[in-house]
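Here is the structure we will look at.
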Amino acid sequence: LVLLCGCSQESSARDDLIHALNDTHSAIASSILAIRLYDQQRSTRAVTETVLDDMAKQAVDAEGALESISVDSAQIESDRDAALAAIHAGVAALLNSRDELEQHGAVADTAGLESAGKQVDALLNQLRGSQ
């Protein structure tokens, strides 16, 4: 029974990590799309600002969700810390893009968002592969 409970807790923690990473992936992808549509003049600045603001909040919420994950093994701790780093990189990139749009009226490039997205995606693929 103890072994089953331990496996169940580890699976639940991994599911929570995957969920937080999925939320961050969606926030980054939505932000990149919003910036591209704005650059192509297919969207307004107000819409783009709203998307970037909302997606930054979504990523911050995903980061906060990691707080409740109980660590009962070195592997879960390592996975949690990696997820925290990846999500934090996404939050930073989202905030930088949001601020750049508000200050300069455009986002020069999405390289920071794309880099953070790759980091999130790599970890997502790793966690899904270990299920």
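Quantities reported herein were computed from a predicted structural model and do not represent experimental measurements.
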Q. Taking the side chain as C-beta and beyond, is there a heavy-atom pair between Y38 and L101 under 4.5 Å?
A.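 Touching, per the 4.5 Å side-chain cut-off.
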
Q: Would you indicate whether the side-chain heavy atoms of T110 and R36 approach each other to under 4.5 Å?
A: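 Yes, close enough: below the 4.5 Å cut-off.
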
Q. Around Q40, counting heavy atoms of other residues, nucleotides and ligands shown, do more than 12 lie under 6.0 Å from its CD?
A.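 Atom CD in Q40 is packed in, count exceeds 12.
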
So which atom in [X] and which in [Y] form the shortest heavy-atom distance, rounded to 0.1 Å?
| X | Y | answer |
| --- | --- | --- |
| S31 | M55 | OG-CB, 3.3 Å |
| A86 | V120 | O-CG2, 3.7 Å |
| N22 | R128 | OD1-NH2, 2.6 Å |
| A93 | A116 | CB-CB, 4.2 Å |
| L66 | A83 | CD1-C, 4.0 Å |
| T44 | T48 | O-OG1, 2.8 Å |

Under 3.5 Å donor-acceptor, [X] side chain and [Y] backbone:
| X | Y | result |
| --- | --- | --- |
| S78 | A74 | no |
| R45 | E102 | yes |
| S73 | I76 | yes |
| S68 | A65 | yes |

To the nearest 0.5 Å, how far apart are [atom1] in [X] and [atom2] in [Y]?
| X | Y | atom1 | atom2 | value |
| --- | --- | --- | --- | --- |
| H88 | T24 | NE2 | OG1 | 12.0 Å |
| I18 | D23 | CD1 | CG | 12.0 Å |
| N96 | L52 | CG | CG | 11.5 Å |
| I87 | L17 | CD1 | CG | 7.5 Å |
| D121 | Q119 | CG | CD | 10.5 Å |
| T50 | R98 | OG1 | CZ | 11.5 Å |

Q | Test log, rule side-chain hydrogen bond (donor to acceptor under 3.5 Å, both in side chains), inputs D79 and Q75 | A | CA-CA 6 Å; D79 290 345; Q75 183 61 50; 2.8 Å; yes

Q: Answer yes when D53 and K57 have at least one side-chain N-carboxylate O distance shorter than 4.0 Å, and no when they do not.
A: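 Between K57 and D53 there is a salt bridge, with a charged N closer than 4.0 Å to a carboxylate O.
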
Q.
Using the rule side-chain contact (heavy atoms from CB on, under 4.5 Å), only one of V107, D109, I32 pairs with S97; which is it?
A.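 For S97, the side-chain contact (heavy atoms from CB on, under 4.5 Å) check succeeds only for V107.
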
Q. Going hydrophobic residue to hydrophobic residue with side-chain gaps under 4.5 angstrom, can you get from V47 over to I28?
A.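 Yes, one cluster joins them.
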
Q. Any chain of hydrophobic side-chain contacts (each under 4.5 Å) joining L37 to I35?
A.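 No: no chain of side-chain contacts under 4.5 Å links L37 to I35.
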
